[in-house]
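Everything on this sheet refers to the single structure shown next.
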Amino acid sequence: PGQGTTGFTGGSLPLVDHNRGASTAFWSVRYEMDNLDISSAVEISPTYYLDNFVALINDVHRRYHGILSDEEQGFRHDFLQLPYNAQCLYVRLVSRKGPLFRVDKLSYGEIEDLKGALDSLADGGFIEIDPEVPLGWSLNMLSLEELRSRFPGVPRGLRKAQFIEDVCSRIQSPRAD
């Protein structure tokens, strides 16, 4: 009585030993985990993220079909019609930080045809390729080294944000240098 069990090695392990206190139980669990044989660990699919995303949207559809808007239901339908590589790329993109991505910086081993995936996403209205964005956003996509090589007249020693601000001000109101 009063003991929990865990299946680390198939046996039962007291989580709290009332005779010796919680610190012994912690040591026991720690020892058991440190000596855990992980050679039989489950291998994760390279597209686990897509599997999880599809399971999520299907479960939401199954549970809440009656209250989803036409747009929400249409998203699921249209997404599931995309080619496999495009589905993978979409989930990868929505998992990344930011609204803009450089195509030359996208590299996923499990996506065999990146250009085809991009084209499918653009054709389906999921992404926009080369959208019109404010100049500062575009410049922010470049590394500081890339900015320096493209704009050699900007003083060195500036942080990236300051560099971009300087470039934008020069372009919006050119100076006579």
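Keep in mind the model is a prediction, meaning the values are calculated, not measured.
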Are [Y] and [X] co-members of a hydrophobic cluster defined by side-chain heavy atoms under 4.5 Å apart?
| X | Y | value |
| --- | --- | --- |
| Leu135 | Met141 | no |
| Leu80 | Leu56 | no |
| Leu106 | Val94 | yes |
| Val91 | Phe101 | yes |
| Val133 | Leu93 | no |

Selection [range] - residue pairs positive for salt bridge (Lys or Arg N to Asp or Glu O under 4.0 Å), sequence neighbours left out:
| range | value |
| --- | --- |
| residues 130-154 | Arg102-Glu146 |
| residues 53-66 | Asp59-Arg62, Asp59-Arg63 |
| residues 77-92 | Arg92-Glu110 |

Enter the distance from [X]:[atom1] to [Y]:[atom2] here, rounded to the nearest 0.5 Å.
| X | Y | atom1 | atom2 | answer |
| --- | --- | --- | --- | --- |
| Asp119 | Asn85 | CG | CG | 12.0 Å |
| Asp51 | Gln87 | CG | CD | 10.0 Å |
| Cys88 | Asp113 | SG | CG | 12.0 Å |
| Lys160 | Leu139 | NZ | CG | 9.0 Å |
| Thr47 | Phe53 | OG1 | CZ | 13.5 Å |
| Ile164 | Trp137 | CD1 | CH2 | 13.0 Å |

Original post:
Does CD in Gln73 sit with more than 12 non-hydrogen atoms of other residues, nucleotides or ligands closer than 6.0 Å?
Top reply: yes

Subject >> Heavy atoms of other groups near Tyr108 OH, more than 12 under 6.0 Å >> reply: yes

**OP:** Assess whether side chain to side chain contact (heavy atoms under 4.5 Å, CB included) is satisfied between Leu68 and Val60, documenting all intermediate values.
**Re:** CA-CA 9 Å; Leu68 294 175; Val60 168; 4.2 Å; yes

To check you understand the geometry: which heavy-atom pair defines the closest contact between [X] and [Y], and what is its length?
| X | Y | result |
| --- | --- | --- |
| Ala117 | Leu89 | CB-CD2, 3.8 Å |
| Leu82 | Ser120 | CD2-O, 3.9 Å |
| Leu118 | Ile129 | O-CD1, 4.0 Å |
| Phe163 | Leu147 | CE2-CB, 3.5 Å |

Residue pair [X] / [Y], side-chain heavy-atom distance below 4.5 Å:
| X | Y | value |
| --- | --- | --- |
| Asp166 | Phe151 | no |
| Leu100 | Pro131 | yes |
| Lys115 | Val103 | no |

**OP:** Can you run down the ring pair (Phe, Tyr, Trp, His ring centres under 6.0 Å) pairs that involve residues 109-134, sequence neighbours left out, and say none if there aren't any?
**Re:** Phe75-Phe126, Tyr90-Phe126

Original post:
Considering residues at least two apart in sequence or located in another chain, which fulfil the side chain to side chain donor-acceptor pair (under 3.5 Å) criterion with Asn140?
Top reply: none

Original post:
What residues form a side chain to side chain contact (heavy atoms under 4.5 Å, CB included) with Ser69, not counting sequence neighbours?
Top reply: Glu71, Glu72

